[in-house]
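All values below come from the heavy atoms of this structure, side chains included, with hydrogens, waters and symmetry mates left out. This chain uses plain numbering: 1 for the first residue, then up along the sequence.
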Amino acid sequence: MSIAISDPMPGHAPEHEAQQQPRQQPIGLCLDCGYSLLGLPTPRCPECGREFDPMDPASMNMGRPLSPMAQWALGPVRWPVSLMTWGALAFSLWSARLPGQQIATSYSILILVGLGLFWLAWPMVRVIAARRYGWPTSLLMQGQKQRITTGLCLLIASVAIVYKLPLKGAMYVSRPAMDRMASALLASNEPYANDQWVGLYRAKRIRTLPGGTGVRFTVEQDNRAYRSGFVYFPNIDPKKSSWRNKNYRHVSGSWWAWREEG
């Protein structure tokens, strides 16, 4: 007597065959822009162009879709952000060389410090966002050094501005040219000289003081609230306490800085 073996139920594969079938690797989201990578013909995000490996979960975001803020925090440092940050740093240092010290005595220095703290806090924000959205923390080191370095440079620049280091550095570079210009004008017995660059300063309204006691010129007059410049006193020893003038502040050699409000 023969025993008939019935076929499996239609639509159902044997259990051992189901176990042998390869499981499809889940496809996630783009790490940069959050675009869904499912069903793409090539392993490249059509939204931002980032490449990914369909078999490597670390090359994709396997967690929740990223919000616009999370995309910005976890994404790379865009060149406009870097350009604006380093541009602000360079402008602040260049402006801090002026005797008016407007950067150090206004909200500008607080903005510079705030930018530095923002860049230093950015890596910590990325860690928090990565944990919340299931983003692979192995990729967090990309760009971390750049963020930390930028933040430290901004804070170091802020300290340098407070201690007038840009002004002292500019005077160190410019003082030989300033000395030559002032000495030549006093020797010529002329009351005025043409506008000219002396080192890192554009000297304007150059004139001798009454009695030929010195030379004065303006380097900052675009701001309507104040003007500033330098004055040359070759016969006054700044180390002696017998001469004081509230309108002038000694900066280097025979040169004093002045600032006038209004």
Practice item. Kindly compute the distance separating CG (Asp53) from OG (Ser59), expressed to the nearest 0.5 Å. Key: 5.0 Å
Review point. Got Gln221 and Lys204 here, is their nearest side-chain heavy-atom distance under 4.5 Å?
Key: yes
Practice item. Any chance you could measure Leu110, atom CG, to Leu117, atom CG, to the nearest 0.5 Å? Key: 10.5 Å
Check your understanding: Which residues pass the side chain to side chain contact (heavy atoms under 4.5 Å, CB included) test with Tyr172, sequence neighbours left out?
Key -> none
Exercise for review: Give a yes or no on whether the backbone of Trp122 and the side-chain of Arg147 come within a donor-acceptor separation of less than 3.5 Å.
Suggested key: no
Review point. Who else is in the cluster with Met84 when I, L, V, M, F, W and Y are joined by side-chain contacts under 4.5 Å?
Key: none
Review point. Could you state the interatomic distance from CD (Gln101) to OG (Ser95), rounded to the nearest 0.5 Å?
Key: 10.5 Å
Exercise for review: Starting at SG of Cys45, measure out to CG of Leu40 and round the result to the nearest 0.5 Å.
Suggested key: 7.5 Å
Point to revise | Residues forming a ring-ring contact (aromatic ring centres under 6.0 Å, His included) with Trp258, sequence neighbours excluded | key: none
Point to revise | Gln144 vs Pro123 side-chain heavy atoms within contact, under 4.5 Å | key: yes
Exercise for review: Determine whether Pro238 and Trp256 make a side-chain contact, defined as any pair of heavy atoms from C-beta on separated by less than 4.5 Å.
Suggested key: yes
Practice item. May I ask whether Phe91 and Tyr107 are part of the same hydrophobic cluster, defined by side-chain heavy atoms of I, L, V, M, F, W, Y residues being less than 4.5 angstrom apart, directly or through others? Key: no
Point to revise | Members besides Trp255 in its Ile/Leu/Val/Met/Phe/Trp/Tyr cluster (side-chain heavy atoms under 4.5 Å) | key: Leu98, Leu167, Met171, Met178, Met181, Leu185, Leu186, Val198, Tyr201, Ile206, Val215, Phe217, Val219, Phe230, Tyr232, Val251
Review point. By side chain to side chain contact (heavy atoms under 4.5 Å, CB included), which residues pair with Ser108, not counting sequence neighbours?
Key: Ile103, Ser106
Study note, to complete from the structure: Taken in chain and number order and not counting sequence neighbours, the residues that satisfy side chain to side chain contact (heavy atoms under 4.5 Å, CB included) with Trp86 are Ser82, Leu89, Thr150, Cys153
Review point. Hey, are the side chains of Phe233 and Ser254 touching, using non-hydrogen atoms and a 4.5 Å cut-off?
Key: no
Check your understanding: Should we say atom OH of Tyr35 is surrounded by more than 12 heavy atoms from elsewhere, each under 6.0 Å from it?
Key -> no
Exercise for review: Identify, with sequence neighbours excluded, every residue that meets side chain to side chain donor-acceptor pair (under 3.5 Å) alongside Thr85.
Suggested key: Trp119
Practice item. Could you give me the CA-CA distance, side-chain angles and deciding distance for Leu93 and Ile161, then say whether side chain to side chain contact (heavy atoms under 4.5 Å, CB included) is met? Key: CA-CA 7 Å; Leu93 291 175; Ile161 290 173; 4.1 Å; yes
Review point. If every non-hydrogen atom of Ser92 is compared with every non-hydrogen atom of Ala88, which pair is closest and at what distance?
Key: OG-O, 2.8 Å
Exercise for review: With sequence neighbours excluded, tell me which residues meet side chain to side chain contact (heavy atoms under 4.5 Å, CB included) with Leu120.
Suggested key: Ile148, Leu152, Leu155
Exercise for review: Might you point out which heavy atoms bring Leu37 and Met60 nearest each other, and give the distance in Å?
Suggested key: CD1-CG, 3.6 Å
Point to revise | From OG (Ser36) to CG (Leu29), nearest 0.5 Å | key: 6.0 Å
Point to revise | Where Gln146 and Val77 come nearest, the two heavy atoms and their spacing | key: NE2-CG1, 3.6 Å
Exercise for review: For Arg202, look at atom CZ and say whether over 12 heavy atoms of other residues, nucleotides or ligands are found less than 6.0 Å away.
Suggested key: yes
Point to revise | Pairwise distance CZ(Arg207) to CZ(Arg216) - rounded to 0.5 angstrom | key: 5.0 Å
Exercise for review: Tell me, please, which residues at least two apart from Thr218 pass side chain to side chain donor-acceptor pair (under 3.5 Å).
Suggested key: none
Review point. Between Val113 and Met124, is there a shared hydrophobic cluster once you connect ILVMFWY residues whose side-chain heavy atoms come closer than 4.5 Å?
Key: no
Practice item. Using the salt bridge (charged side-chain N to carboxylate O under 4.0 Å, His left out) rule, collect all pairs that involve residues 79-102, keeping only residues at least two apart or in two chains. Key: none
Review point. Using links of under 4.5 Å between side-chain heavy atoms of ILVMFWY residues, direct or through other members, which residues join Trp79 in one cluster?
Key: Leu83
Exercise for review: For residues Arg259 and Thr105, report the shortest heavy-atom separation together with the two atoms involved.
Suggested key: NH1-OG1, 4.4 Å
Check your understanding: Among all residues two or more places apart in sequence or in another chain, which pass the side chain to side chain donor-acceptor pair (under 3.5 Å) test with Ser228?
Key -> Glu220
Review point. Between Arg131 and Arg126, is any pair of side-chain heavy atoms under 4.5 Å apart?
Key: no
